[in-house]
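First comes the structure, then the notes that go with it.
Here the structure is a predicted model, which means the values were calculated and not measured.
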Amino acid sequence: MTKQSKGIPLPVVRATQAVIAAGSFAGAVIHPYYLAAALLPAASIVLLRWNPLAKPVMKIAGARKRWAEEEKAQMLFNQSIALTLLSLSAILYAAGLPVWAMIAALMVTAASTAALCGYCIGCKIRFKWMMWRHQRKQAS
């Protein structure tokens, strides 16, 4: 009996981060319509629990049986932050506040780029949040 994987293969995580980084950067610098390139994968992951990049990336990555994996709950948390900021950016563009919209989109770009380089800002936020919840639970 084989154990079912609980994580997301690293090539899928990296490809998703790259698409979100590129889409949020293009949306901030080139034209707001490019935010859709980042919003669509983030929304499908958070709302539908489905990554549209997973199958094509794994086809390209090869049939290797065991990739390093990232925790699903952590990735969902990170994507929720990205979706919130990208949605805020789109709303701010629609409201006629392009500077604030660019700031929100570039925050996503910075976080995704940092994650591609190996430092996960969302992981740090989630860790601190979980520690705070644990300490609060212990105190009561």
Side-chain angles (χ1 to χ4, degrees):
M1 179 155 72
T2 60
K3 188 176 180 182
Q4 187 69 346
S5 172
K6 297 285 184 194
I8 302 169
L10 200 55
V12 174
V13 173
R14 296 290 186 232
T16 304
Q17 289 168 339
V19 168
I20 289 176
S24 60
F25 182 75
V29 176
I30 299 172
H31 197 281
Y33 288 141
Y34 288 110
L35 284 175
L39 262 169
L40 291 175
S44 70
I45 291 167
V46 173
L47 302 175
L48 305 174
R49 306 287 195 266
W50 173 73
N51 189 341
L53 302 171
K55 280 193 178 181
V57 167
M58 289 313 289
K59 220 172 227 195
I60 292 168
R64 188 171 162 184
K65 289 189 183 230
R66 202 71 184 137
W67 287 97
E69 294 180 344
E70 296 285 336
E71 182 187 1
K72 284 185 181 182
Q74 181 63 56
M75 292 300 110
L76 187 60
F77 181 80
N78 295 345
Q79 293 300 325
S80 298
I81 295 171
L83 178 61
T84 302
L85 286 170
L86 290 169
S87 299
L88 178 65
S89 179
I91 291 167
L92 290 169
Y93 271 120
L97 300 166
V99 173
W100 292 106
M102 285 181 197
I103 290 170
L106 289 174
M107 286 173 64
V108 175
T109 303
S112 295
T113 304
L116 283 168
C117 295
Y119 181 73
C120 178
I121 296 166
C123 300
K124 184 84 168 177
I125 293 169
R126 182 171 180 249
F127 174 75
K128 293 288 187 181
W129 177 58
M130 291 177 75
M131 291 301 296
W132 175 78
R133 278 185 20 188
H134 177 71
Q135 288 171 353
R136 194 177 81 179
K137 185 179 179 181
Q138 293 293 342
S140 58

Compare every heavy atom of [Y] with every heavy atom of [X], then report the nearest pair and how far apart it is.
X	Y	answer
Ala61	Trp67	O-CZ2, 3.4 Å
Asn78	Cys120	ND2-SG, 3.4 Å
Ile121	Ala114	CD1-CB, 4.2 Å
Ala15	Val57	CB-CG2, 3.5 Å
Cys123	Gln74	CA-NE2, 3.2 Å
Ala82	Val108	O-CG2, 4.0 Å

Of all residues at least two apart in sequence or in a different chain, which pass the side chain to side chain contact (heavy atoms under 4.5 Å, CB included) check with [X]?
X	answer
Thr84	none
Val19	Pro41, Leu53
Ala37	none
Ala73	Glu71, Arg126

Partners meeting side-chain hydrogen bond (donor to acceptor under 3.5 Å, both in side chains) with Thr109 (sequence neighbours left out):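 Here the qualifying residues are Ser24.
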Residue set satisfying side-chain hydrogen bond (donor to acceptor under 3.5 Å, both in side chains) with Ser112, at least two apart, ordered chain then number -> none
Between [X] and [Y], is there shared hydrophobic-cluster membership here, with clusters defined by ILVMFWY side-chain heavy atoms closer than 4.5 Å?
X	Y	answer
Leu97	Leu35	yes
Val13	Met58	yes
Met107	Leu83	yes
Ile81	Leu39	yes
Leu76	Ile125	yes

Salt bridge (Lys or Arg N to Asp or Glu O under 4.0 Å) contacts touching residues 91-105 (sequence neighbours left out): none
If we ignore hydrogens and angles and just use 3.5 Å, is the side chain of Arg14 paired with the main-chain N or O of Ala115 as donor and acceptor?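 Judged by distance alone, yes, a pair lies under 3.5 Å.
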Kindly state each residue pair satisfying disulfide (SG to SG under 2.5 Å) with at least one member in residues 66-106, sequence neighbours excluded.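 The answer is none; no pair qualifies.
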Is there a side-chain contact (heavy atoms from CB on, under 4.5 Å) between Lys124 and Phe127 once you walk through the steps? CA-CA 5 Å; Lys124 184 84 168 177; Phe127 174 75; 5.6 Å; no
Got a sec, which pairs hit ring-ring contact (aromatic ring centres under 6.0 Å, His included) with one end in residues 70-117, sequence neighbours left out?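 Non-adjacent pairs meeting ring-ring contact (aromatic ring centres under 6.0 Å, His included): zero.
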Supply the members, apart from Tyr33, of the Ile/Leu/Val/Met/Phe/Trp/Tyr cluster built from side-chain contacts under 4.5 Å; use none for a lone residue.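 Besides Tyr33, the cluster holds no residue at all.
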Any chance you could lay out the side-chain contact (heavy atoms from CB on, under 4.5 Å) test for Ile20 and Gln79, step after step, and finish with the verdict? CA-CA 9 Å; Ile20 289 176; Gln79 293 300 325; 3.0 Å; yes
Would you give me the side-chain donor-acceptor pairs under 3.5 Å for residues 130-138, sequence neighbours excluded?
none

So the side chain to side chain donor-acceptor pair (under 3.5 Å) pairs with at least one residue in residues 41-53 (sequence neighbours excluded) are Thr16-Asn51
